[in-house]
Each structure stands twice: as structure tokens, then as C-alpha cells.
Amino acid sequence: MKKAANKTNTSRPAERKKITTKTLTTMKERGEKIAALTAYDFLFAKYLEESGIDVILVGDSLGNVVQGNPTTLSVTLDEMIYHAKLVKKSIKTALMVVDLPFMSYHVDLKEAVRNCGRVMKETGCDAVKLEGGERIAEVVQHLVKIGIPVMGHLGLTPQSINIFGTYVTRGTEPEEANRIRKDAAILEQAGCFAVVLEKIPARLAKKITSSLKIPTIGIGAGIHCDGQILVTHDMLGMTELFRPRFVRRYLDIASLAKEAFTKYIRDVKEQKFPNKNESY
Ligand code: KIV
């Protein structure tokens, strides 16, 4: 007699719905944490998608981890678009956000709109991310009005590193903490759908998170944010020398890769690769 089909074995995994900017607001309302990571190419984006990530950011951190530059300042709009197009090929359900690089939204409103428009049209992403508070509020308002969703970014904003002069925690003094709180409110008012809070005290991030309707995504901003983001290369242990305490390392790819490369080199030198089965 034929056995009854085992339902759990034959049913397909539940398909995830596309995550939109509205989904993130709903997640905040429900108290469901948002998991975000960066990607700069097709394969990493594919693995993130298949792992169930909520948000994929094509960060201008590619200046550091892909291009090997000391800051993000030299990244161009064309480079962002190039990498975002690679990531887009793997996007199914994650919300895809692309960073606008330094000087691509600072000259005037017209140029900011033109550049954000290019990113949206040429990459097919869902939203853009801009750094800064009050000084970019007009740009944010305008972008949102014409249909471009904007994620904000406050605290230790890497594009302002030459003003800060150091990568220390921001908002530790009352004056700067108040400025960041005000900027967060201004960004929400201007129409941002979410805001990244980078390297600020957990206490400050908690206050901002509870004062906003839009979700906060923390990086070095403590547990109370509505979501968390890390640079993927950092959390995988690919960037060996960059070890701030907010980066939890889930793998040590640098060591694993070097071990594999060393074995391969030895096998080639000792004529152990390829063997018969690896030949035609
Ligand atoms: O560029 C980037 O990867 C970022 C995240 C660190 C938030 O802005």
C-alpha cells in the first residue's frame, strides 16, 4: 500500500513577501526587529536573500572594503550604480537601499534630484540613503515628494570624517546629543522612512527610537534600535584589522581563506592538484 505523503516534507517553504518601506514601519509597530546588512555584488546579495535578510544596503563602505580606500569620500556615483546593479540581480524580497556618495547630493537640489533619480532608474533599487540632518532636510522633502524613498543616517556619518577628525562615538556631550535628536525629528518630518544611527550611546539611541514613528537602524548604537546593520565584510571577519567593539564577528573568513589558499598553493607546487578525477 502506498504511504500517505508527508505534508511537511512535500510542502514548499512559505514564500516571503517583498519588503517595502511600509513593512519596516509595521515591523517597528509590532516590535519585530529589522535585520540589515551590506552587499556590493551578486553572490553576497544572493546569500543574504537566501538567509532571509530584511534590508540590503549597497553602502558606500564599498570604498573601504571593496576598493581598499581609507575613507568613503572617493566613491563615485557611477561606482555606486555599478555595484548596485550587481546586487539587484539577486534581490527578491529584501528592501534594497543604495547610498548616495559624498558630493552627489550637496551642490544643489537639482543635482541631488538628478543623481538620486539616476540611482533609482539605473539600478532598480527601492530607496536611497543620505547622510546628515537639518542640512539635507530640503533635499529629503523634495525627493519624497517626487516618489523617491529616503533612509537617513545620523551620528558618526563617515562622509563627514574630515569634520569630525576621528572615529570616536558621537553624541556623548549634551549639545551634540541634542543636535542628533533634533536632526532625527527633522528627518522624520521631512519624510524619511527610516534612519540609521551610527556609533552613538545606547541611551541616546533609545530616546530617539522611542520618540520616532519611523524605525531606527543601529550600528554601534545599542540594543534599543528597531533594527541593526553591520558591514557584511566586517561581520564575516574579512576585514582583519578593523575591530571596533560594535562589530560581532560571526566568521573568520580571512583565516579560512588564507588556509585554503595556502593548501592550494602547496598542492599545485607538489603536483597534488589536479588528480585523475579532476582531469579529462
Ligand atoms: O556605507 C555603509 O555601509 C553604511 C552602513 C555602515 C550603515 O552606511
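Values in this document were obtained by computation on a predicted structure and should not be read as measured data. In each ligand, atom 1 is the first atom listed, and ligand 1 is the first ligand listed.
- Inspection of the Q189 and Q141 side chains reveals no N or O donor paired with an N or O acceptor under 3.5 Å.
- One side chain, Y40 or T38, offers a donor N or O that lies under 3.5 Å from an acceptor on the other.
- A side-chain donor-acceptor contact under 3.5 Å links E49 and T93.
- With a heavy-atom cut-off of 4.0 Å, D99 touches ligand 1 through its side chain alone.
- Remark: ligand 1 atoms within the under-4.0 Å shell around heavy atoms of D60 are 1 (O).
- For atom 8 (O) of ligand 1, the nearest non-hydrogen atom of the protein is K129 NZ, 2.9 Å.
- Residue T38 touches ligand 1 through its side chain alone, judged by heavy-atom distances below 4.0 Å.
- Side-chain contact annotation: T23 with T26, donor-acceptor N/O pair under 3.5 Å absent.
- Between D267 and K263 there is no salt bridge, since none of the side-chain N atoms of the basic residue sits less than 4.0 Å from a carboxylate O of the acidic one.
- A ring-centre distance under 6.0 Å is not found for H233 and F242.
- The protein atom (non-hydrogen) at minimum distance from atom 6 (C) of ligand 1 is I219 CD1, 3.6 Å.
- Considering CG of D99 and NE2 of H83, their distance stands at 12.5 Å, rounded to 0.5 Å.
- Taking every non-hydrogen atom of G59 and a distance limit under 4.0 Å, the qualifying atoms of ligand 1 come out as 1 (O), 2 (C), 3 (O).
- Considering backbone and side-chain N/O of E198, none are found under 3.5 Å from N/O of ligand 1.
- Summary of contacts: the protein heavy atom closest to atom 5 (C) of ligand 1 is L57 CD2, 3.7 Å.
- Heavy-atom proximity to S61, at under 4.0 Å, picks out these atoms of ligand 1: 1 (O), 2 (C), 3 (O).
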